[in-house]
2 protein chains.
Amino acid sequence: MAPDPFLKDLGMHFRKARMAAGLSQEQIALRANISRPRYRDIETGAAAARATTLVNIARALGMEIMLIPQAMVPAIQSMLQPGADDDDRPAFTSDVEEEEGA
Amino acid sequence: MAPDPFLKDLGMHFRKARMAAGLSQEQIALRANISRPRYRDIETGAAAARATTLVNIARALGMEIMLIPQAMVPAIQSMLQPGADDDDRPAFTSDVEEEEGA
DNA sequence: TCGGAATGACCTGTTTACGTATCATCCACC
DNA sequence: GGTGGATGATACGTAAACAGGTCATTCCGA
């Protein structure tokens, strides 16, 4: 029901970060204090985790959740660009317009 | 219940942003597509909103939720410092260590 | 003094995130 | 061919986020 593109995108960022860290879903779930099926739902965008769960997962992946004024989002996005020598982008915005040319 | 300090802090940031925008709880709740009692719970840290709800509230307040690698958090925090001429800080980190003065 | 707006606080009911258990599939590796 | 790890997916029960309603309190302006 209502596969929110935002949730899909968020889950994709989690997955990329997890892959980059070479960890399994179970390891992240354990660190984030949730079950594997639940972490899977979040990573695939099938469920909307709670605020506390989000933070736990982010930290398990070496990241933090931040509230950024919309005016500063572009500046921060460019700061996070890995200079085009790597194609994984750990940062995530709730802005769906972040979809750039694949 | 376990009044998570993280939720308190998150709610405080929402409240500051809302005050700065001169809006009522009801107006934000309406824009974020949730009920006022629920927005109140989130603002006071009494409830942990879902990921989708968090984004809706953030946007209603002119902000976005971002996933930031922990290594970059300090740099971004300093970027968000309002030059010391204003005491409201719209940005928010899940890092509890952000508690500075008062 | 009397409203009316904003907020805090509680209730009832529905939806859904969550834990736990279970099974199927894929893919190495032996 | 067989075994084990990682993942996808389902089911059931519980806890909590959600909607909607109501009442008390504070504050401000007519």
Side-chain angles (χ1 to χ4, degrees), chain A residues 1-65 67 88 90 92 94, chain B residues 1-65 67 88 90 92 94:
Chain A
M1 31 47 105
D4 203 320
F6 153 70
L7 292 179
K8 289 262 196 170
D9 203 53
L10 173 63
M12 204 185 66
H13 277 276
F14 280 152
R15 172 160 299 196
K16 279 194 175 183
R18 180 176 63 81
M19 298 294 201
L23 297 170
S24 68
Q25 291 179 351
E26 197 161 14
Q27 285 174 307
I28 298 300
L30 183 68
R31 295 186 188 188
N33 229 25
I34 60 176
S35 64
R36 189 189 68 88
R38 239 24 60 196
Y39 175 74
R40 179 199 153 272
D41 285 350
I42 295 166
E43 197 176 88
T44 57
R50 294 182 197 150
T52 48
T53 303
L54 272 189
V55 176
N56 288 339
I57 294 176
R59 290 187 181 162
L61 291 167
M63 302 186 290
E64 295 286 342
I65 290 182
L67 273 178
D88 85 284
F92 165 78
S94 47
Chain B
M1 11 174 284
D4 203 319
F6 154 70
L7 292 179
K8 289 261 196 174
D9 202 52
L10 173 63
M12 204 185 67
H13 277 277
F14 280 152
R15 171 159 299 195
K16 280 194 175 183
R18 181 176 63 82
M19 299 294 201
L23 298 170
S24 68
Q25 291 179 350
E26 198 160 14
Q27 285 174 305
I28 298 300
L30 183 68
R31 295 186 187 191
N33 228 25
I34 60 175
S35 64
R36 190 190 67 87
R38 230 32 51 196
Y39 175 74
R40 180 200 152 272
D41 285 349
I42 294 166
E43 198 178 88
T44 57
R50 293 179 202 158
T52 49
T53 303
L54 272 189
V55 177
N56 288 338
I57 294 176
R59 291 187 180 163
L61 291 167
M63 301 186 291
E64 294 286 341
I65 289 182
L67 273 179
D88 85 280
F92 165 78
S94 46

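In what follows, chains are A, B, ... by sequence order, proteins preceding strands, each numbered from 1.
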> When you check the phosphate oxygens OP1 and OP2 of D:dA6, does a side-chain N or O of A:Arg15 lie under 4.0 Å from one of them?
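No, no such contact exists.
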> Taking CZ from B:Arg50 and P from C:dA17, how many angstroms apart are they, rounded to a whole number?
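The answer, rounded to whole Å, is 5 Å.
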> Please state how far atom CG in A:Asp4 lies from atom C1' in C:dA17, giving the value in whole angstrom units.
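In whole Å, C:dA17 C1' and A:Asp4 CG are 15 Å from each other.
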> Here's a test of your reading of the structure: between B:Leu23 and B:Pro37, which maps to the more 5' nucleotide of DNA chain C?
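Mapping each residue to its closest nucleotide by heavy atoms, the 5'-most match is B:Leu23.
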> Start with the C-alpha distance between B:Arg15 and B:Glu43, add both sets of side-chain angles, then the distance that settles salt bridge (Lys or Arg N to Asp or Glu O under 4.0 Å), and finish with yes or no.
CA-CA 6 Å; B:Arg15 171 159 299 195; B:Glu43 198 178 88; 2.5 Å; yes
> Below the 4.0 Å mark, does D:dT14 have OP1 or OP2 next to a side-chain nitrogen or oxygen of A:Arg38?
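No, A:Arg38 has no side-chain N/O under 4.0 Å of OP1/OP2 on D:dT14.
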> In whole angstrom, what separates A:Glu43's CD from D:dG8's C1'?
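Answer to the nearest Å: 12 Å.
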> Separation of A:Ile34 atom CD1 from D:dA15 atom C1', in whole Å?
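To the nearest whole Å, that distance equals 16 Å.
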> Report yes if a side-chain nitrogen or oxygen of B:Thr53 is closer than 4.0 Å to either non-bridging phosphate oxygen (OP1 or OP2) of D:dC18; otherwise report no.
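Yes, such a contact exists.
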> Ignoring hydrogens and geometry beyond distance, is the side chain of A:Arg36 in donor-acceptor contact with the base of D:dG8 at under 3.5 Å?
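It does, because a donor-acceptor pair links the side chain of A:Arg36 to the base of D:dG8 below 3.5 Å.
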> As a quick check of understanding, evaluate side chain to side chain contact (heavy atoms under 4.5 Å, CB included) for B:Arg31 and B:Asn56, giving each step before the final call.
CA-CA 8 Å; B:Arg31 295 186 187 191; B:Asn56 288 338; over 6 Å; no
> Please check if the number of heavy atoms outside A:Gln25 that lie under 6.0 Å from its CD is greater than 12.
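Yes, enclosed.
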> Taking the side chain as everything from C-beta on, heavy atoms only, tell me whether B:Leu10 gets closer than 4.5 Å to A:Ile65.
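The answer is no, as the side chains (C-beta and beyond) never meet within the 4.5 Å cut-off.
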> As an exercise, state the distance from CZ of A:Arg50 to CD1 of A:Ile34, rounded to the nearest 0.5 Å.
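One gets 11.0 Å once the value is rounded to the nearest 0.5 Å.
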> Rounded to whole angstroms, how far apart are CZ on A:Arg40 and C1' on C:dG19?
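Checked: the CZ to C1' distance equals 15 Å.
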> Calculate the interatomic distance between A:Asn33 atom CG and C:dG19 atom C1'; express it in whole Å.
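In whole Å, C:dG19 C1' and A:Asn33 CG are 11 Å from each other.
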> With a 4.0 Å cut-off on heavy atoms, is A:Ser24 in touch with a base, just the backbone sugar-phosphate, or nothing at all?
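Since only primed, P, OP1 and OP2 atoms lie under 4.0 Å of A:Ser24, the category is sugar-phosphate.
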> It should be established whether A:Gln25 places a side-chain nitrogen or oxygen under 4.0 Å from OP1 or OP2 of nucleotide D:dG5.
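Looking at the OP1 and OP2 atoms of D:dG5, neither is under 4.0 Å from any side-chain N or O of A:Gln25.
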> When the distance from CG of B:Leu30 to C1' of C:dA6 is rounded to whole Å, what number comes out?
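Checked: the CG to C1' distance equals 15 Å.
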> OH of B:Tyr39 versus C1' of D:dA17: gap in Å, rounded?
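Result: 16 Å.
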